[in-house]
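Notes follow the structure.
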Amino acid sequence: MADTAQPTVTPPSPPPGGPPRRYVGRIALALGLVVTGVVLVVTIGVRNPDAPAASPPVQPALAIPEQRPQPGAEAPRAGLAAPVDRPQASDRAELDAWAARVADKTHVPARVLSAYGRAEMWMQRQKPTCHLSWATLAGIGRVENERGEFDLAAIGADGRVAKPVVGPPLDGSPGVPAVHDSDGGKLDGDKSWDHLIGPMQFLPSTWKKYQERANGDGGAPDPQNIDDAAFTAARFLCSGGDDLGTPAGWWRAILFYNQALAYGQDVFSAADAYAEASVAP
């Protein structure tokens with residue numbers, strides 16, 4: 001396994017979706033006959049204005065058909081391309097509109113999609129021959145989300161996860177590689193063993209090599225920020241000079257990210273499904 005490859009762990013079952021919003025009203029109708037005529041009494045139940053508002057419905061995860069292509073046989077589709085990167089204030093509005101449209105079709109949170117879309121936009125400018133698509137980043141995000149048991153919907157408006165995502169120690173336990181500490185515990189809190197960190201699940205050594213701030217504000221890159229994590233993943237995937245628009249190039253890049261064939265096939269399945277959904281009527 002290369003020193004930058006991401007170890008594989010057993011994915012858990014996805015959490016169930018939340019309940020839909022319900023508004024409850026009741027109408028009681030009473031009829032009484034009296035000497036002078038008929039009295040109609042209507043009682044209508046009204047929602048208490050002081051009661052907390054119900055949470056919006058949670059969309060179920062997109063169904064991902066399992067595909068098991070062999071390395072180099074084919075590449076996943078690219079999907080609805082993110083807006084072209086231009087140094088204009090309107091870019092953010094265009095990106096947000098694109099993310100909202102794709103989120104409605106893929107059930108990936110729009111805030112997360114904007115991070116994947118921004119990374120695609122930046123790589124179009126930095127390495128236009130790489131042809132990395134947001135769908136591939138979304139595929140990686142889904143697989144890492146299932147492995148790491150964290151909720152992408154809990155990412156805030158600032159791009160940070162609700163609580164730091166830190167995987168179990170890579171201490172050589174059964175089924176787990178042994179990766180000794182490489183950052184003095186700065187990123188994962190462990191001075192003995194490394195852990196996978198952030199929503200894109202990087203080794204600290206990989207993060208240190210490819211990290212990049214996504215919004216250009218001069219701040220330090222943060223592995224717990226989805227914008228920085230997606231952009232760093234894009235830089236990692238495009239670092240080998242491969243064309244990810246080709247089957248050979250896509251598979252070389254993915255197996256550089258994680259050398260497990262099953263991991264690459266899971267990412268392929270998710271990326272292709274997201275891409276297909278994004279262009280559906």
Which residues satisfy the ring pair (Phe, Tyr, Trp, His ring centres under 6.0 Å) test with Tyr116, sequence neighbours excluded? none
Tell me whether the rings of Trp134 and Trp98 are parallel (<30°), tilted (30 to 60°) or perpendicular (>60°). perpendicular
Would Arg252 pass as a cation-pi partner of Trp250, given that its NZ or CZ must be under 6.0 Å from the six-membered ring centre and within 45 degrees of the axis? no
So, are Asp227 and Arg160 salt-bridged, with charged N and O less than 4.0 Å apart? no
Can you list the residues that meet the salt bridge (Lys or Arg N to Asp or Glu O under 4.0 Å) rule with Asp158, with sequence neighbours excluded? none
Of all residues at least two apart in sequence or in a different chain, which pass the ring pair (Phe, Tyr, Trp, His ring centres under 6.0 Å) check with Trp251? none
Check the angle between the aromatic planes of Tyr210 and Phe256 and answer parallel, tilted or perpendicular using the 30° and 60° thresholds. perpendicular
Report yes or no: do Gln201 and Tyr257 form a side-chain donor-acceptor pair below 3.5 Å? no
Do Ser192 and Asp181 meet the criterion of a side-chain donor-acceptor pair at a distance under 3.5 Å? no
Does the side chain of Trp207 come under 3.5 Å of the side chain of Gln211 through a donor N or O and an acceptor N or O? yes
In terms of side-chain heavy atoms, does Thr232 have a donor or acceptor partner in Arg235 at a distance below 3.5 Å? no
Quick check: does any side chain N or O of Ser173 sit under 3.5 Å from a backbone N or O of Val176, one acting as donor and the other as acceptor? no
